[in-house]
Trainee: 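Okay, handing you the structure first.
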Amino acid sequence: MHPAPSIIVFTTLSGIGFGLMAWLGLGLGPDGFWFALLACGLALGFASIGLFASLWHLGNPQRAWRALSQWRSSWLSREGVASIVTLTVFGLYALLWVFFGVRTPWLGIPAAVLAVVCVVCTSMIYGCLKSVPRWSKPPTSPLFVALGLAGGALTLAALAPISGPAGGVPFWVATVMILVATAMWLVWSTKARETRLDADGSSPETAIGLPHLGRVRLLEAPHTAPNYLMREMVFQIGRKRAEALRKLALALGFAVPLVLCAIALAVPAAWPLLLLAVPVHLAGVAASRWLFFAEAQHVVGLYYGQRA
Amino acid sequence: MTTLPQTTEKKLGLVIDLDTCVGCHACVIACKEWNTGGYGAPLSDQDPYGAAPSGTFLNRIHTFEVTPSESRCGSAASAAQIVHFPKSCLHCDDAPCVTVCPTGASYKRSADGIVLVNEDACIGCGLCAWACPYGAREMDHDAGVMKKCTLCVDRIYNDNIPEVDRVPSCVRTCPANARHFGDLADPTSDVSRLVEARGGVELMPEQGTKPVNRYLPPRPKADIDAPDSIDLVALAEPETAGFLSWLDRALERLG
């Protein structure tokens, strides 16, 4: 699938934003003003930038409000509705906390639950597509949730020393969540690598309805130049490039943040290292998200000469 | 509403005969011609006369080579065959493109089962094209909305055109008569009987989309009992008896 930058920004940034909201809503981190202002601001900022990025992807963004109507059947619509409800509930929570110093779990816990729901909706936009086995077979929702919560916990740990002591629970949560996300990513990647285009039994033979007739090979494509379907869904990525990006994702997204977390845990005074870990982690997650799209094969490729 | 109707009164669709399709692309052009001026936004082209032309089409023809497996024909010498394969929207009963639509722009009509896009409500997110396993939907580059086969909904119910023309444009134009239009929910309809008689098939049934359109497989080729190799030299040899040798001798006399 074509790895559109707008969608990579959308899924990466909204994921970390909602992850941060979840931890803040659960009451993690100090109650001080500066932490409240920065952490809530970043959470709302990440999520909003991500959601706005998704609008760049649209052919007619001026009608985007219509996407809130079909929550009964569409995960994309559910994502829109859940995002707005979450931003409202968390916005109220942040407002009371920052300006009145009141951090109420009555708003915080619902905001935390809603934030996780948002990330699940994001993941299901892709996870519900049977036409892309690499998204629908492996555990895509747990992966997105784990990555969002890890990024959120890391950001929270990096900001917590502003209003409180360095170290303690936020540092532990960040370290453990990065570990969990690493494990989730490895599990997902292993399963994804095993999931081939024929995972549901689709082949060039079933694609034209003639599996009994023999082996099918594309002789002539419908057009001499690539079309929308090929640009969007028959995206090819070099194996060498994918391998390089996988290493980059593993290093930046997980290994480096983990090392920095471990240092900060051992020497709490070194906590500014965590401020560095957040953008490094984000870059790694963005690389892994690029691979998530670029390596996914769509069964329509079977009509264009692809075979599992 | 992007939830699907439980049942549809009719199941209008196409039956495409892969035995008689000659791959002339007339249906592709007729489809583009009618639909660029009909329902919704035009089907735009980008760089149509340049080096990399690209455009929106609702119907495309792929040409495949099918090599028979040995078990079927008993010998490895069976010739491969060409299958010209027209592909457009299959108007699925369980259309995944409809349920993923966030705006309600995509819908399946409960009256006749046609899957349509209300272009005024389409935001051009492209998710429906991703959900379709068949590549039946294409985003129009200029209008930023999703285009797909409408089964020529503006022809089939159109009282302003002669009755003979009230079929999809591709069906009307097909010179090989390989395309048939009708109600596949009615077991007595021509298309249903055609599917019954010829063993019409679904595309990718494993995807669970329950397509309405059917494809008629190519008829089995005649098994010619030809020898392994033909002695071409003997045919051209002037010393052989018969007509060829007489002709050869006659020509020699003339020369």
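Order of the sequence lines fixes the chain letters, A, B, ..., with proteins taken first and strands second; residue numbering starts at 1 for each chain. Atom set for the values below is all heavy atoms of this structure, side chains included, hydrogens, waters and symmetry mates excluded.
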Trainee: Taking atom CZ as the centre, does A:Arg231 end up with more than 12 heavy-atom neighbours from other residues, nucleotides or ligands that are less than 6.0 angstrom away?
Mentor: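 Yes, the 6.0 Å shell around CZ holds more than 12 heavy atoms from other groups.
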Trainee: Between A:Phe52 and A:Phe10, is the ring centre distance below 6.0 Å?
Mentor: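 No, they do not, as the ring centres are separated by 6.0 Å or more.
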Trainee: B:His25 versus chain A, heavy atoms under 4.5 Å apart: side chain, backbone, both or neither?
Mentor: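 Just the side chain, heavy atoms under 4.5 Å.
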Trainee: Between chain A and each of B:Leu18, B:Val66, B:Val201, B:Asp140, count heavy-atom pairs under 4.5 Å; write down the option with the most.
Mentor: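 Between B:Leu18, B:Val66, B:Val201, B:Asp140, the count favours B:Val66.
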Trainee: Counting the benzene-type ring for Trp, do A:Phe292 and A:Trp188 have ring centres under 6.0 Å apart?
Mentor: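 Judged by ring-centre distance (under 6.0 Å), A:Phe292 and A:Trp188 do meet the cut-off.
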Trainee: Does the distance from a Lys or Arg side-chain N to an Asp or Glu carboxylate O, for A:Glu205 and A:Arg215, drop under 4.0 Å?
Mentor: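 Judged by the 4.0 Å cut-off on N to carboxylate O distance, A:Glu205 and A:Arg215 do not form a salt bridge.
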Trainee: Just by distance, do the side chain of B:His91 and the backbone of B:Ile114 share a donor-acceptor pair under 3.5 Å?
Mentor: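 Answer holds: no.
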Trainee: With chain B, which of A:Glu232, A:Arg63, A:Met1 has the greatest number of heavy-atom pairs at distances under 4.5 Å?
Mentor: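 Option with the greatest count: A:Arg63.
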Trainee: Counting distance only, does the side-chain N/O of B:Lys108 pair as donor-acceptor with the main-chain N or O of B:Gly113 below 3.5 Å?
Mentor: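 The answer is yes, because a donor-acceptor pair under 3.5 Å joins these two groups.
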Trainee: Hey, is the main chain of A:Val120 close enough, under 3.5 Å, to the side chain of A:Ser123 for a donor-acceptor pair?
Mentor: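 Confirmed, A:Ser123 side chain pairs with A:Val120 backbone.
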Trainee: With a 4.5 angstrom heavy-atom cut-off, could you sort out which part of A:Leu229 is near chain B: side chain, backbone, both or neither?
Mentor: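 Contact with chain B: side chain only.
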Trainee: Is B:Asp45 salt-bridged to B:Lys32, cutoff N-O under 4.0 Å?
Mentor: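 Yes, this pair counts.
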Trainee: Side chain, backbone, both or neither: which part of B:Ala51 has a non-hydrogen atom closer than 4.5 Å to chain A?
Mentor: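 Contact with chain A: none, neither part.
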Trainee: Do you know which of B:Val145, B:Asp120, B:Val28 has the most heavy-atom pairs with chain A at a distance under 4.5 angstrom?
Mentor: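 If we count pairs closer than 4.5 Å to chain A, B:Asp120 comes out on top.
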Trainee: Please rank A:Tyr304, A:Trp71, A:Tyr126 by heavy-atom pairs under 4.5 Å with chain B and give me the top one.
Mentor: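 Most heavy-atom pairs under 4.5 Å with chain B: A:Tyr304.
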Trainee: Given the options A:Ala64, A:Ser77, A:Ala67, which has more heavy-atom pairs under 4.5 Å with chain B than any of the others?
Mentor: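 Most pairs with chain B among the choices: A:Ala67.
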Trainee: Counting only heavy atoms closer than 4.5 Å, note whether A:Arg78 contacts chain B via side chain, backbone, both or neither.
Mentor: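 No part of it gets close to chain B.
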Trainee: Let's test your reading of the structure: which of B:Gly126, B:Pro86, B:Ala129, B:Gly55 forms the most heavy-atom pairs below 4.5 Å with chain A?
Mentor: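 Sorted descending by pairs with chain A, the first entry is B:Ala129.
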Trainee: Please classify the contact between B:Ile61 and chain A as side chain, backbone, both or neither, with a heavy-atom cut-off of under 4.5 Å.
Mentor: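 Contact with chain A involves the backbone of B:Ile61 alone.
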Trainee: A quick test of your reading: do over 12 heavy atoms of other residues, nucleotides or ligands sit less than 6.0 Å from CD of A:Gln62?
Mentor: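 Yes - once you tally the heavy atoms of other residues, nucleotides and ligands closer than 6.0 Å, there are more than 12.
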Trainee: Tell me whether the count of non-hydrogen atoms from other residues, nucleotides or ligands lying under 6.0 Å of NZ in B:Lys11 goes above 12.
Mentor: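 No, the 6.0 Å shell around NZ holds no more than 12 heavy atoms from other groups.
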Trainee: Identify which of A:Ser202, A:Gly80, A:Pro226 forms the greatest number of heavy-atom pairs closer than 4.5 Å to chain B.
Mentor: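 Max contact count across the listed options: A:Ser202.
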Trainee: B:Tyr134 ring centre to B:Lys87 NZ or CZ under 6.0 Å, with the angle to the axis within 45°?
Mentor: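 No, B:Lys87 does not sit over the ring of B:Tyr134.
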Trainee: For chain B, which of A:Ala207, A:Ala225, A:Gly201, A:Gly209 has the most heavy-atom pairs under 4.5 Å?
Mentor: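 The answer is A:Ala207.
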Trainee: Side chain, backbone, both or neither: which part of A:Pro204 has a heavy atom under 4.5 Å from chain B?
Mentor: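 Nothing of A:Pro204, per the 4.5 Å heavy-atom cut-off to chain B.
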Trainee: If I measure from the heavy atoms of chain B, does A:Leu129 come under 4.5 Å with its side chain, its backbone, both, or neither?
Mentor: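 Side chain of A:Leu129 only, per the 4.5 Å heavy-atom cut-off to chain B.
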Trainee: Can you tell me which of B:Gly23, B:Cys132, B:Pro96 forms the most heavy-atom pairs within a distance under 4.5 Å of chain A?
Mentor: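 Looking at each option in turn, the highest pair count goes to B:Cys132.
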Trainee: Using the ring centroid of each side chain, check whether A:Phe46 and A:Phe18 are separated by less than 6.0 Å.
Mentor: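 Here the rings of A:Phe18 and A:Phe46 have centres that are no less than 6.0 Å from each other.
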Trainee: Using non-hydrogen atoms only, which part of A:His223 is less than 4.5 Å away from chain B: side chain, backbone, both, or neither?
Mentor: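 Only the side chain of A:His223 comes within 4.5 Å of chain B.
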Trainee: Against chain B, work out which of A:Leu302, A:Thr224, A:Val216 has the most heavy-atom pairs shorter than 4.5 Å and name it.
Mentor: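 The option with the most such pairs is A:Val216.
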Trainee: May I ask you to say whether B:Lys147 pairs ionically with B:Glu138, meaning some side-chain N is under 4.0 Å from a carboxylate O?
Mentor: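 No, this pair does not count.
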Trainee: Tell me, side chain or backbone of A:Trp56 under 4.5 Å from chain B's heavy atoms, or both, or neither?
Mentor: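 Contact with chain B is absent: no heavy atom of A:Trp56 under 4.5 Å.
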Trainee: Any ion pair linking A:Asp200 and A:Lys137 (charged N to carboxylate O, less than 4.0 Å)?
Mentor: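 Salt bridge flag = yes for A:Asp200 with A:Lys137.
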Trainee: Give, as side chain, backbone, both or neither, the part of A:Leu210 having an atom under 4.5 angstrom from any heavy atom of chain B.
Mentor: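 Only the side chain of A:Leu210 comes within 4.5 Å of chain B.
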Trainee: Go through the atoms of A:Ile7 and report whether side chain, backbone, both or neither lie under 4.5 Å from a heavy atom of chain B.
Mentor: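 The answer is the side chain of A:Ile7.
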Trainee: For the interface with chain A, which of B:Cys122, B:Gly208, B:Pro217, B:Ala136 has the highest count of heavy-atom pairs at distances below 4.5 Å?
Mentor: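 With the most close heavy-atom pairs to chain A, the winner is B:Cys122.
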Trainee: Shorter than 4.5 Å, heavy atoms on both sides: which option in B:Pro53, B:Pro205, B:Ala52 has the most such pairs with chain A?
Mentor: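 Heavy-atom pair counts peak at B:Pro53.
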Trainee: Checking heavy atoms, do the side chain of B:Arg214, its backbone, both or neither come under 4.5 Å from chain A?
Mentor: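 Contact with chain A: none, neither part.
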